[in-house]
Amino acid sequence: MWLDEYITVNDSVRLEERDDNLEDNTGEESNGVIPVRANRPWKKMQTRLQVNLHNSDNGISTITTSLANSAFYFRDLCFMFYTRSHGADQLINANHNLADLTLTLPKQIRPTGFRSWNKLEQLSFDEDLAVTEHNHNLIKRINGQSAAGYLENCKRIMNLGSKDTKIFIELSNLSVQSEPRLYEVVAGGGGWGEKGKMLAISAGCEINTGDSVKFFMLHPEERYKGLAVPLDVQNASGLFVETTVEEKEYRDAQHEEERVIQNQFGFGSELGYTINGLQYNAGGSLTWIELE
């Protein structure tokens with residue numbers, strides 16, 4: 001991202017502060033096309049890019065995502081830096097590889113609209129659903145019945161019979177004017193005692209008794225396919241953030257004709273992203289933030 005005005009860097013963490021093995025990272029580098037053998041174990045590491053935008057009401061919109069693991073291309077587990085054309089040597093952590101970066105765009109760059117897309121299919125039930133009992137990230141009962149039972153008895157899911165099907169739950173509170181919250185259902189069902197009746201929801205979820213419930217499915221045939229950017233915004237200016245689909249195998253670099261689109265910046269990761277605290281972690285999710 002290159003701008004005419006300076007970006008405010010609020011906070012940053014160097015990679016070596018997070019990666020204990022960085023000092024042992026030696027060996028051949030990739031040329032960006034042909035990968036090299038990783039010379040140290042691949043591992044998960046906490047990384048983050050947070051972009052803050054000034055709203056017209058003087059509030060702040062916050063977009064957060066994790067970084068891609070780049071061990072097979074740059075030797076390091078991630079690759080991110082910031083710099084300036086003048087005076088970079090006076091800035092903290094400028095021109096260093098970073099694991100964490102929080103920045104705020106200039107005030108004149110304001111969001112004027114948000115549009116989101118995903119590939120989820122809503123599952124239908126014979127009644128409206130609401131949370132009636134929960135504990136932390138566990139939903140025990142919906143409409144007074146086994147929470148897991150609604151999914152176990154869903155013909156649409158059972159007829160697929162695929163372990164690659166991913167299920168998501170949308171929670172909302174009609175008494176509070178707020179955006180619905182979408183989370184992944186990470187475990188549940190099986191019929192083994194009381195725990196088999198519960199649904200475990202992804203970490204960081206907010207669940208309240210009385211929340212309205214909707215279930216969505218990511219079809220196994222869609223799980224590994226990217227979401228095509230809608231034609232009406234492909235050349236639009238602004239920010240695009242996405243939850244990229246899972247990679248199952250190594251694929252050679254695609255040498256397509258280069259396209260230059262002015263005033264457009266895109267980022268994202270498999271782990272998803274958040275906008276103002278709302279999670280977008282279903283593979284193929286995409287949000288366009290229109291800017292002034």
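These numbers come from a predicted model, not from an experiment. Below, all heavy atoms of this structure are taken into account, side chains as well, without hydrogens, waters or symmetry copies.
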Hey, are the side chains of H219 and L160 touching, using non-hydrogen atoms and a 4.5 Å cut-off? yes
Answer yes if the side chains of N52 and T104 hold a donor-acceptor pair under 3.5 Å, and no otherwise. yes
Please collect all salt bridge (charged side-chain N to carboxylate O under 4.0 Å, His left out) contacts where either partner lies in residues 90-103, sequence neighbours excluded, each pair once. R18-D100, R48-D100
Check for me, please, whether L120 and M217 land in the same ILVMFWY cluster - side-chain distances under 4.5 Å, paths through other members count. no
Strictly below 4.0 Å, N to O, side chains only: are K166 and E184 in salt-bridge contact? yes
I139 with L123, same ILVMFWY side-chain cluster at under 4.5 Å: yes
Would you check if Y224 and D164 make a side-chain contact, meaning some heavy-atom pair closer than 4.5 Å? yes
Hey, are R156 and E121 close enough for a salt bridge, meaning a charged N less than 4.0 Å from a carboxylate O? yes
Report the C-alpha distance between L105 and L103 in whole Å, list the side-chain angles of each, state the deciding distance to 0.1 Å, and finish with yes or no for side chain to side chain contact (heavy atoms under 4.5 Å, CB included). CA-CA 7 Å; L105 299 190; L103 55 87; 3.8 Å; yes
Within the structure provided, determine whether T165 and L218 are in side-chain contact (heavy-atom separation under 4.5 Å). no
Under 4.5 Å between side-chain heavy atoms, hopping through other hydrophobics if needed: is there a path connecting L271 to F240? no
Please tell me if the side chains of I7 and W2 come closer than 4.5 Å, counting only heavy atoms from C-beta onward. no
Rounding to 0.5 Å, atoms CD (E290) and CG (L239) come to a distance of 11.0 Å
With sequence neighbours left out, write down each residue that passes salt bridge (Lys or Arg N to Asp or Glu O under 4.0 Å) with D232, or none if nothing qualifies. R115
So Q122 and K214, do their side chains get closer than 4.5 Å, heavy atoms only? yes
Hydrophobic clustering (ILVMFWY, side-chain heavy atoms < 4.5 Å, transitive) - are F168 and L171 grouped together? no
Got a second to check how far D211's CG is from E170's CD, nearest 0.5 Å? 10.5 Å
When rounded to the nearest 0.5 angstrom, what distance separates CG in L286 from OG1 in T244? 11.5 Å
Please verify the inter-ring angle class for F265 with F267; under 30° counts as parallel, over 60° as perpendicular, anything in between as tilted. tilted
With a 4.5 Å heavy-atom cut-off, do Q264 and S237 have their side chains touching? no
Does any non-hydrogen side-chain atom of C78 lie less than 4.5 Å from one of N69? no
Closest approach of Q234 to V229 (non-hydrogen atoms, all atoms of both residues): NE2-O, 3.0 Å
Reported SG-to-CG distance for the pair C205 and L182, which is rounded to 0.5 angstrom: 11.5 Å
From the list I275, T62, I63, side chain to side chain contact (heavy atoms under 4.5 Å, CB included) partner of L53 resolves to I63
Can you see whether T243 engages N281 through a side-chain donor-acceptor pair at a distance of less than 3.5 angstrom? no
Same cluster for Y6 and L91 if Ile/Leu/Val/Met/Phe/Trp/Tyr side chains link at under 4.5 Å? no
Taking every heavy atom of S269 against every heavy atom of S66, the minimum-distance pair comes out as CB-O, 3.4 Å
Candidate list L98, L101, T47, test side chain to side chain contact (heavy atoms under 4.5 Å, CB included), partner L67, passing option: T47
Testing the 3.5 Å rule here: is there a donor-acceptor pair between the side chains of R14 and H96? yes
Angle class for the Y273/Y280 ring planes (parallel below 30°, perpendicular above 60°, tilted otherwise)? parallel
Nearest heavy atoms of F125 and Y150, plus distance in Å: CE2-O, 3.3 Å
Do S12 and N93 pair up side chain to side chain, a donor and an acceptor below 3.5 Å, judged on atom types alone? yes
Closest non-hydrogen atoms of W288 and G238, given as atom of the first, atom of the second and distance, are NE1-CA, 4.2 Å
Nearest 0.5 Å, please: how far is CD in E206 from CG in N137? 13.5 Å
NZ of K140 to OG1 of T209: how many Å apart, nearest 0.5 Å? 10.5 Å
I'd like to check I201 versus V186 (side-chain heavy atoms, cut-off strictly below 4.5 Å). Are they in contact? no
